[in-house]
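Right, one structure below, let's go through it.
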Amino acid sequence: MNRMPLSRTARLLILLAAVVVLGAVAVGATLAAAGRADRKDRTQSGGPKVTPGTVRLDGRHQGLFRNMAWGPHRDEITAVPEGRLTGPRTASGVHCLRFHAAAGTGICLQAVHGELRDSYRAVLLDSRLREVRHYDVAGTPTRARVSPSGRTVAWTVFVSGDSYAGTAFSTRTSVVDTGGRRLDANLETYALTVDGHRVRAADINVWGVTFADDTRFYATAATGGKTYLVRGDRGTRTLRALHPNVECPSLSPDGTRIAYKKRVAGADPDAPWRLYVLDLRTLRETATGEHRNIDDQAVWRDGHTLVYSLPGDYGSDLWTVPANGTGTPHRLLSAALAPAFSG
């Protein structure tokens, strides 16, 4: 059957209608996004109480963390007394995506919002959360740590990809002293040794630093499809593999154990990790009582207890479990991420 060709007027009307429909869809999407942003800026009923105030990193017996509760103080570093972690939170006004602190020094990985795209930076903070200096970083923040003395800091960003679950990602890890005298911008330039042999490969990735002191540290190194716990030394610029299948290590306060996430056989490829503890003297592994997938660099609350994040109603909750394999996990804080504890 032959069809009559559309007149020029009909074609213009159809084009105009399509433009109107697409415009309405765009406006609707913009309004929906604005509505979601507005909801996040409003305090949600039933959430934790958060009020602005003075936060110091050299305070005693307190917990510090990124506040994830919706409201005007979302993403700010907040403080609570160690004995009342679920009580009212004091918000600092400092926004961080990742955060850690020790001995009055903080490291804050921030987003810098631009007109077309966001960029990121690592900000060194003093005890009053004032910026000491900052460094532009090459990707999305993922890990941050401060040495026990507060004189050295490290951070890791994703340069490509945004998950450790697969293999299509690349990281960059930097270490700097807080005086700014020496910046190791990429730990992949250190000499990596596995089983006594120097590894010279293009696929080396290093992430998740945890400090023993200002010079020595532990981290994860990956190459050839395998991950290793490595001991690093800034003085000799070396990384030496100690144990396989270790990711995002966290050194215990006494320096004898490493908490870490381990890939376990038979797990979902998108959720492969369980929380383990490694004895550094014997290299004996102990599974904790947390059997869910853990994609975090755990923190030692003390010499016996681990704290880590799991998805929650606000994006992240903090959970805790004994480090010795006994007990069961329980939620420590809702709407919180990236904790640090001062004794």
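Everything numeric here is computed off the predicted structure, so don't read it as measured data. Count residues from 1 along the sequence.
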Run the numbers on Leu275 and Ile294 for side-chain contact (heavy atoms from CB on, under 4.5 Å), then give the verdict.
CA-CA 6 Å; Leu275 187 61; Ile294 301 299; 4.1 Å; yes

Regarding Asp317 and Ser334, do their side chains bring together a donor and an acceptor under 3.5 Å, going by distance alone?
no

Has the side chain of Ser127 got a donor or acceptor atom that lies under 3.5 Å from a matching backbone atom of Gly104?
no

Test your reading of the model: is there a side-chain donor-acceptor pair from Gln110 to the backbone of His95, 3.5 Å cut-off?
yes

Under a 4.0 Å N-O cut-off, is there an ion pair linking Asp58 with Arg56?
yes

More than 12 foreign heavy atoms under 6.0 Å from CG of Asp268: is that the case here?
yes

Smallest heavy-atom separation, Leu239 atom then Gly232 atom, equals CD2-CA, 3.8 Å

Donor-acceptor pair, distance only, cut-off 3.5 Å: does the side chain of Asp118 make one with the backbone of Ala111?
no

Is there side-chain contact between Pro322 and His304, with heavy atoms separated by less than 4.5 Å?
no

Heavy-atom pair of closest approach, residues Arg66 and Cys96:
CD-O, 3.1 Å

Please name the pair of heavy atoms, one in Ala122 and one in Ile107, separated by the smallest distance, quoted to 0.1 Å.
CB-CD1, 4.0 Å

Thr288 side chain to Gly325 backbone, donor-acceptor under 3.5 Å:
no

For the student: nearest non-hydrogen atoms of Gly87 and Val80, plus distance:
O-CG1, 4.1 Å

Test your reading of the model: is there a side-chain donor-acceptor pair from Thr78 to the backbone of Ala91, 3.5 Å cut-off?
no

Salt-bridge contact Lys261-Asp295 (side-chain N to carboxylate O under 4.0 Å)
yes

Measure the CG-OG1 distance between Leu109 and Thr156 for me, rounded to the nearest 0.5 Å.
9.0 Å

Rounded to the nearest 0.5 Å, the CZ atom of Phe217 sits from the OG1 atom of Thr173 at a distance of 9.0 Å

Between the CZ atom in Arg257 and the CG atom in Leu280, the distance rounded to the nearest 0.5 Å is 9.5 Å

pair Trp207-Thr220: side-chain heavy atoms closer than 4.5 Å:
yes

Beyond-backbone contact of Thr305 with Trp300, side-chain heavy atoms, under 4.5 angstrom:
no

Side chain to side chain donor-acceptor pair (under 3.5 Å) evaluation trace for Thr238 with Asp233:
CA-CA 5 Å; Thr238 56; Asp233 189 307; 5.4 Å; no

Taking Gln297 for its side chain and Val209 for its backbone only, find out whether a donor-acceptor pair lies under 3.5 Å.
yes

When you check the gap from the basic side-chain N to the acidic O, do Asp177 and Arg234 get nearer than 4.0 Å?
no

Give a yes or no on whether the backbone of Ile204 and the side-chain of Thr223 come within a donor-acceptor separation of less than 3.5 Å.
no

Stacked cation flag Arg231 on Tyr218, 6.0 angstrom / 45 deg:
no

Any salt bridge between Arg98 and Asp75, counting N to O under 4.0 Å?
no

Hey, can you tell me if Tyr314 and Trp70 have their rings parallel, tilted or perpendicular (30° and 60° cut-offs)?
perpendicular

Under a plain distance cut-off of 3.5 Å, with no hydrogens placed, do Ser252 and Asp254 share a side-chain donor-acceptor pair?
yes

Go through Thr142 and Thr171 one step at a time and tell me if the side-chain contact (heavy atoms from CB on, under 4.5 Å) criterion holds.
CA-CA 9 Å; Thr142 176; Thr171 62; 5.6 Å; no

Do Glu76 and Val94 have side chains that approach each other closer than 4.5 Å (heavy atoms only, starting at C-beta)?
no

Working to the nearest 0.5 Å, report the span between OG1 of Thr227 and NE2 of His243.
10.0 Å

Salt bridge check, Arg121 against Asp136: does any charged N sit closer than 4.0 Å to a carboxylate O?
no

Tell me whether Asp279 contacts the main-chain N or O of Arg284 through its side chain, where contact means a donor paired with an acceptor under 3.5 Å.
no

Charged N-O contact under 4.0 Å between Arg263 and Glu247:
yes

Decide side-chain contact (heavy atoms from CB on, under 4.5 Å) for Glu82 and Phe341; before the verdict, give the C-alpha distance in whole Å, the side-chain angles of both, and the deciding distance to 0.1 Å.
CA-CA 8 Å; Glu82 175 69 59; Phe341 299 94; 3.6 Å; yes

Do Tyr135 and Tyr120 land in one hydrophobic cluster if side-chain heavy atoms of ILVMFWY residues count as linked below 4.5 Å?
yes

Are the side chain of Thr193 and the backbone N or O of His197 linked by a donor-acceptor pair below 3.5 Å?
no

Within the side chain of Arg301, is there an N or O that forms a donor-acceptor pair under 3.5 Å with the backbone of Val307?
no

Between Trp155 and Arg172, is there a cation-pi geometry (under 6.0 Å to ring centre, at most 45° from the normal)?
no

Restricting to non-hydrogen atoms, name the atom on Ser174 and the atom on Asn186 that form the minimum distance, rounded to 0.1 Å.
OG-N, 4.5 Å

Hey, what's the ring geometry for Tyr260 with Tyr276, parallel, tilted or perpendicular (30° and 60° as the breaks)?
tilted

Here the pair of heavy atoms bringing Trp319 nearest to His330 is CE3-C, 3.2 Å

